Amino acid sequence: MTDLTPTDGARFLFERASEDAAGARYSVAVYTPSATFAGNASLGYDGSVTIELTGAPAELSGPAENFAKLIARGAQKQRDDGFPPWPVRVLRWRGPGRGK
C-alpha cells in the first residue's frame, strides 16, 4: 500500500519518461483499494494516444485512456503559448462507479 492507494475509486498517475519532436512517453499507474496496475502510454502532439495497462479491467483502462487524451490535446496549445508542452506528472482521481 502506498500513499496513492485510495480508500475508494481509483487514482491515475502519469509520469513523463521521455519526450521528442513527435510527443512524449509516460509511465502509467492506476491505484485502487485492492490492486495496482502499471503500464506505459505514448502521446502525440496530434492528440494521438497509445496506452497499455497490463491486466487492467475496462472500467480502469477506459478512464486512463481518456486522461491521456486530455494531456495530449493540451500539449500543442501549451507549446504554442510558450510553455512546456508535457507535464512531468499528472495525478487524477475517479470516484467509484464512474467511467463504466
Side-chain angles (χ1 to χ4, degrees):
M1 189 166 186
T2 74
D3 290 343
L4 294 175
T5 301
T7 56
D8 61 1
R11 285 202 176 103
F12 298 81
L13 176 63
F14 292 79
E15 292 184 298
R16 189 182 66 213
S18 65
E19 63 180 290
D20 58 29
R25 290 191 49 80
Y26 282 83
S27 60
V28 181
V30 179
Y31 300 90
T32 70
S34 60
T36 301
F37 302 95
N40 296 293
S42 295
L43 286 61
Y45 280 108
D46 61 357
S48 63
V49 168
T50 303
I51 190 164
E52 178 184 311
L53 274 173
T54 305
E59 61 264 17
L60 295 175
S61 59
E65 184 174 347
N66 289 337
F67 288 136
K69 287 177 182 178
L70 290 172
I71 297 167
R73 287 179 189 150
Q76 185 62 50
K77 171 95 169 93
Q78 288 288 102
R79 185 165 70 171
D80 291 346
D81 290 346
F83 296 106
W86 301 108
V88 173
R89 185 175 197 241
V90 177
L91 181 63
R92 296 287 181 259
W93 178 78
R94 172 76 51 146
R98 294 191 59 197
K100 292 183 179 178

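Because the structure is predicted, anything quoted here is derived from the model rather than measured.
- Residue Leu53 comes nearest to Ser61 through the heavy atom pair CD1-CA, 4.1 Å, listed as atom of the first residue, atom of the second, then distance.
- Looking only at side-chain heavy atoms (C-beta outward), Ser18 and Trp86 stay at 4.5 Å or farther from each other.
- Interatomic distance, Gln76 CD to Asp81 CG, rounded to the nearest 0.5 Å: 10.0 Å.
- Of all heavy-atom pairs spanning Ala72 and Gly44, the tightest one is CB-O, 3.7 Å.
- Under a hydrophobic-cluster definition in which Ile, Leu, Val, Met, Phe, Trp and Tyr are linked whenever side-chain heavy atoms come within less than 4.5 Å, directly or via other members, Leu70 and Tyr45 are assigned to the same cluster.
- Across all non-hydrogen atoms, the minimal contact from Leu60 to Pro63 is O-CD, 3.4 Å.
- Contact of the Pro57 side chain with the Phe37 side chain is registered, since non-hydrogen atoms from C-beta on lie closer than 4.5 Å.
- Across Pro33 and Gly9, no two heavy atoms sit closer than the pair CD-O, 3.3 Å.
- In this structure, Gln78 places its CD atom where more than 12 heavy-atom neighbours from other residues, nucleotides or ligands lie under 6.0 Å away.
- Atom OG1 of residue Thr50 and atom CG of residue Asn40 lie 11.0 Å apart, to the nearest 0.5 angstrom.
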Self-check item: Chi angles and distances behind the side-chain contact (heavy atoms from CB on, under 4.5 Å) call for Leu91, Tyr31
Solution: CA-CA 11 Å; Leu91 181 63; Tyr31 300 90; 5.8 Å; no
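- Ile71 is connected to Phe12 through a chain of hydrophobic side-chain contacts under 4.5 Å among Ile, Leu, Val, Met, Phe, Trp and Tyr, so both are in one cluster.
- The shortest non-hydrogen separation linking Ala21 to Arg79 is O-NH1, 4.4 Å.
- Considering OG1 of Thr32 and CZ of Arg94, their distance stands at 15.0 Å, rounded to 0.5 Å.
- The residue from Val90, Thr36, Leu4, Val28 that alone fulfils the side chain to side chain contact (heavy atoms under 4.5 Å, CB included) condition with Leu13 is Leu4.
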Practice problem: Take Val49 and Phe67 through the test side-chain contact (heavy atoms from CB on, under 4.5 Å) and record every step on the way to the result. | Solution: CA-CA 10 Å; Val49 168; Phe67 288 136; over 6 Å; no
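- Between Ser42 and Arg25, the closest heavy-atom pair is OG-NH1, 2.5 Å.
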